[in-house]
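Input: a single structure, listed below in structure tokens.
FYI, side chains are in, hydrogens and waters are out, and symmetry mates aren't considered; it's all heavy atoms of this structure.
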Amino acid sequence: MPTRVYCCCSALRPRYKRLVDNIFPEDPKDGLVKADMEKLTFYAVSAPEKLDRIGSYLAERLSRDVVRHRSGYVLIAMEALDQLLMACHSQSIKPFVESFLHMVAKLLESGEPKLQVLGTNSFVKFANIEEDTPSYHRRYDFFVSRFSAMCHSCHTDPETRTEIRIAGIRGIQGVVRKTVNDELRATIWEPQHMDKIVPSLLFNMQKTEEVDSRIGPPPSPSATDKEENPAVLAENCFRELLGRATFGNMNNAVRPVFAHLDHHKLWDPNEFAVHCFKIIMYSIQAQYSHHVIQEILGHLDARKKDSPRVRAGIIQVLLEAVAIAAKGSIGPTVLEVFNTLLKHLRLSVEFEANDLQGGSSGSANFNTSSKDNDEKIVQNAIIQTIGFFGSNLPDYQRSEIMMFIMGKVPVFGTSTHTLDISQLGDLGTRRIQIMLLRSLLMVTSGYKAKTIVTALPGSFLDPLLSPSLMEDYELRQLVLEVMHNLMDRHDNRAKLRGIRIIPDVADLKIKREKICRQDTSFMKKNGQQLYRHIYLGCKEEDNVQKNYELLYTSLALITIELANEEVVIDLIRLAIALQDSAIINEDNLPMFHRCGIMALVAAYLNFVSQMIAVPAFCQHVSKVIEIRTMEAPYFLPEHIFRDKCMLPKSLEKHDKNVYFLTNKIAESLGGSGYSVERLSVPYVPQVTDEDRLSRRKSIVDTVSIQVDILPNSIPSDDVVSNTEEITFEALKKAIDTSGMEEQEKEKRRLVIEKFQKAPFEEIAAQCESKANLLHDRLAQILELTIRQPSVSVGSAFTDSTNCGSKQNSRKSPKSKLEFAACCPPPSPSGTLTITSGHTQYQSVPVYEMKFPDLCVY
């Protein structure tokens with residue numbers, strides 16, 4: 001009876017349940033009953049409306065078997081589900097998919113690794129099925145969370161742990177493939193999903209035993225490695241994820257990378273960070289590269305107070321990203337990149353300056369030294385990044401970046417620079433000047449302009465040649481190297497490297513072209529500025545051998561790239577003026593520097609004489625060099641820049657044959673058609689407005705002085721009548737007779753007209769007379785201040801017309817020193833007058849003082 005009831009009940013059950021029950025054997029080891037599975041599949045295809053019921057019933061049985069730990073029946077159920085899923089592609093498959101995903105979730109929630117792997121494999125098969133219509137209500141939040149957790153598995157058995165992690169990575173890959181293509185579906189690009197997916201992949205990529213620092217794009221892993229190695233599989237999935245990223249969701253995919261690197265402290269060392277961003281830059285679409293660069297810059301700003309090594313690691317990553325992005329689309333972030341990098345360069349210099357000021361004790365000094373070195377690592381990384389980025393820009397953008405960086409260079413006395421240096425101090429300002437010039441040097445490397453005006457516009461050349469950038473030998477070296485990068489349009493600089501006497505310049509195979517009209521115009525406008533910079537640069541006391549080599553190269557490049565007959569004459573005048581300055585030595589230069597200038601002049605005149613190929617000029621230069629080789633080898637670069645070179649005690653005892661003579665040069669060049677009249681006019685560097693803004697020691701300080709000339713033969717009653725008042729305005733008029741602001745425009749117009757129409761001899765004579773007049777005025781003032789024992793300092797300067805003969809006005813140096821020793825300077829706030837043997841002192845109230853006072857010995 002019970003059997004009959006059972007059979008009766010079984011017959012009354014729905015057909016789909018009977019078909020499902022029949023696929024399960026009595027012994028699970030026998031596996032799926034294939035014949036009954038074929039019947040079930042035929043029934044599902046024939047009656048697709050039953051698919052949802054079939055799926056629900058299978059899910060019910062699978063849930064019961066999972067709870068009872070019947071793993072064999074669980075495997076059979078999942079195999080049946082997979083076959084039904086692959087066979088049915090109708091509209092009614094949607095409810096069946098929900099049951100299927102429910103069963104996969106049950107497996108993933110179980111604690112058995114085998115079931116988790118089984119559920120993952122089923123989900124991956126489902127992910128590879130292309131559905132005809134999207135499912136708007138389906139969510140994959142649970143699967144993202146569960147697969148991400150599996151990627152971080154910490155199972156005690158290494159093999160099981162690896163198996164679970166591989167399953168988690170494959171599950172994430174399946175979610176990505178299933179959802180990433182259709183924008184209408186529930187997207188995984190939301191931050192809450194990316195914050196789980198990306199760190200899970202990076203966690204497994206980080207387990208790579210050896211991170212390869214490749215130059216090109218990392219090679220794609222093989223199929224075998226994908227299946228067996230979690231790191232390789234995770235990297236492949238990461239590439240696939242980034243390759244599917246679009247404009248709107250690129251940032252959500254990149255930001256979790258920064259969070260992972262910060263959390264695991266992977267910026268120092270930064271090999272893994274560099275590896276990750278190489279993958280990112282090569283995987284994303286080229287037009288989105290600038291988004292990644294923006295994110296790196298933003299993260300650099302956010303971590304600006306971190307340790308120097310962390311910042312250096314981020315900047316190194318930026319360098320790698322820029323190196324890849326520069327080959328494709330850079331986007332609108334060019335100035336933003338440079339602006340951010342220069343800002344961090346200033347911050348690094350500021351941190352370095354603060355550390356140097358803060359270190360006092362021995363241990364503090366040790367820590368300060370370590371931080372100082374770390375900051376230098378940051379600075380070098382920034383400069384390298386700037387240079388690499390700049391060198392990959394097109395010329396029109398590079399010229400803008402050159403102007404942008406030059407505008408950041410602090411120039412004393414002007415507010416044109418846009419970099420805040422208020423917290424740096426003098427040492428920090430010098431440091432930031434060096435760093436910015438090094439950056440500029442990197443950007444200008446390889447820059448080729450058709451005309452020199454394009455490479456060196458006035459707005460760029462003026463701050464570059466500013467006196468503020470001549471206060472240190474390293475600054476001068478960088479300025480000259482930047483000029484070389486911009487001037488050398490035919491790659492001749494390497495042939496001129498090193499200062500030496502070249503036996504035959506033709507062997508160098510110098511490349512040059514005919515000077516164009518734009519270059520000629522440039523030299524007429526800016527030539528004196530270049531000559532002045534070279535002239536003053538040669539006379540600096542802190543010059544080293546490299547400075548003289550760069551100055552020689554500058555002269556040679558001007559000769560090659562910009563010299564016509566007029567410029568050649570100016571350069572020879574400049575060389576003779578340098579020789580004269582070394583002989584006279586008004587600046588009290590050490591003997592090494594004087595001999596260095598002489599060697600520089602010899603090397604350049606030897607070069608220019610062969611370049612213009614005037615036989616008589618070449619003969620004169622060769623003869624002088626030959627005599628120097630025999631009698632004064634320290635005047636030649638091969639000897640003076642050699643270690644332990646013997647230096648002379650003075651240069652006055654040398655015969656004139658060891659010097660280059662102006663009359664000989666003029667005679668030799670005049671015979672070849674050169675206009676040599678200007679050679680007889682000594683070169684004098686022009687005085688610019690920048691000199692008044694520079695902190696460098698000036699030649700003459702204009703002050704307000706008052707001197708009472710009281711000779712013994714003149715009674716005290718006549719003192720007032722025998723004085724001439726010379727105020728600050730009087731001294732100003734002595735130098736500039738116009739001095740009136742309203743006459744400046746008219747004066748400039750007349751000067752321009754005069755130089756355009758007047759003959760050269762007249763202009764030279766007038767300039768010489770003005771120079772003599774200025775010299776006589778200054779000599780007269782100095783004689784009057786030294787000659788008499790009565791000196792008063794105030795707001796007026798008095799001079800008597802009957803001050804005695806020239807013999808009485810000129811005293812020996814000894815008498816001057818005796819006078820300075822016995823007559824101390826008067827109070828700067830009063831007037832000391834000696835009248836009839838009595839000393840009278842008249843105080844001057846502070847509010848009546850118009851100018852700072854100076855006592856002249």
Subject >> Main-chain N/O of Trp189 paired to Asn252 side chain as donor or acceptor, under 3.5 Å >> reply: yes

Subject >> Side-chain donor/acceptor of Asn543 to backbone N/O of Tyr473, under 3.5 Å >> reply: no

**OP:** Give the C-alpha distance, both sets of side-chain angles, the deciding distance and a yes or no for side chain to side chain donor-acceptor pair (under 3.5 Å) between Glu549 and Gln545.
**Re:** CA-CA 6 Å; Glu549 292 177 352; Gln545 179 179 350; 3.0 Å; yes

Subject >> Donor on one side chain, acceptor on other, Arg438 and Asn380, under 3.5 Å >> reply: yes

Original post:
Okay, side chain of Ser348, backbone of His344: is any donor-acceptor separation there less than 3.5 Å?
Top reply: no

Subject >> Electrostatic pair Lys448-Asp395, nearest N-O below 4.0 angstrom >> reply: no

**OP:** Determine, for Arg311 against Glu375, whether the closest basic-nitrogen to carboxylate-oxygen distance falls under 4.0 angstrom.
**Re:** yes

**OP:** With the side chain counted from C-beta on, respond yes when Ile558 and Met523 share a heavy-atom pair under 4.5 Å apart, and no when they do not.
**Re:** yes

**OP:** Establish, from distance only, whether the side-chain atoms of Trp267 and Asp306 form a donor-acceptor pair under 3.5 Å.
**Re:** no

Original post:
Hey, does the side chain of Gln610 reach the backbone of Ile502 with a donor-acceptor pair shorter than 3.5 angstrom?
Top reply: yes

Original post:
Less than 6.0 Å separating the ring centroids of Phe277 and Phe258?
Top reply: yes

Original post:
Any side-chain donor paired with an acceptor under 3.5 Å for Asn249 and Glu190?
Top reply: no

Original post:
Between the main-chain N or O of Ala286 and the side-chain N or O of Ser289, is there a donor-acceptor pair closer than 3.5 Å?
Top reply: yes

Subject >> Donor-acceptor contact below 3.5 Å, side chain Lys495 vs main chain Lys509 >> reply: yes

Original post:
Any side-chain donor-acceptor pair under 3.5 Å between Glu541 and His593?
Top reply: no

Original post:
Does a side chain donor of either Glu471 or Gln433 reach within less than 3.5 Å of an acceptor in the other side chain?
Top reply: no

**OP:** Mind telling me whether His291 and Tyr288 have parallel, tilted or perpendicular rings, with 30° and 60° as the class edges?
**Re:** perpendicular

**OP:** Would you kindly say whether Glu540 and Asn547 are connected by a side-chain donor-acceptor distance under 3.5 Å?
**Re:** no

Original post:
Backbone N or O of Arg678 within a donor-acceptor pair of the Arg573 side chain at under 3.5 Å?
Top reply: yes

Original post:
Hey, does Asn485 have a side-chain heavy atom less than 4.5 Å from the side chain of Met402?
Top reply: no

**OP:** Could you please spell out the steps behind the side chain to side chain donor-acceptor pair (under 3.5 Å) verdict for Tyr447 and Ser399?
**Re:** CA-CA 9 Å; Tyr447 180 71; Ser399 60; 4.7 Å; no

Original post:
Is the backbone of Arg517 close enough, under 3.5 Å, to the side chain of Ser521 for a donor and an acceptor to pair up by distance?
Top reply: no

**OP:** For Asn564 and Val567, indicate whether the former's side chain and the latter's backbone hold a donor-acceptor pair under 3.5 Å.
**Re:** yes

Original post:
Which is it for Val482 and Phe460 under the side chain to side chain contact (heavy atoms under 4.5 Å, CB included) test, yes or no, and what are the steps along the way?
Top reply: CA-CA 11 Å; Val482 169; Phe460 180 83; 4.3 Å; yes

Original post:
Does a side-chain N-to-carboxylate-O contact under 4.0 Å join Lys376 and Glu352?
Top reply: yes

Original post:
Strictly by modelled atom types, are Arg512 and Asn492 linked by a side-chain donor-acceptor pair under 3.5 Å?
Top reply: no

Subject >> Side chain Tyr683, main chain Arg532, donor-acceptor under 3.5 Å >> reply: yes

**OP:** Using a strict 4.0 Å threshold on nitrogen-to-oxygen distance, state whether Arg489 and Asp519 make a salt bridge.
**Re:** yes

**OP:** Flag the pair Phe338 / Phe404 as yes when their ring centroid distance falls below 6.0 Å, and as no otherwise.
**Re:** no

Original post:
Does Lys304 NZ have over 12 foreign heavy atoms under 6.0 Å away?
Top reply: no

**OP:** Show your working on side chain to side chain donor-acceptor pair (under 3.5 Å) between Asp462 and Gln529 and close with a plain yes or no.
**Re:** CA-CA 9 Å; Asp462 292 342; Gln529 194 174 2; 3.0 Å; yes

Original post:
Just by distance, with hydrogens left out, do His484 and Thr553 show a side-chain donor and acceptor under 3.5 Å apart?
Top reply: no

Original post:
Of the non-hydrogen atoms in Cys516 and Thr451, which two are nearest, and what is the gap between them?
Top reply: SG-CG2, 4.3 Å

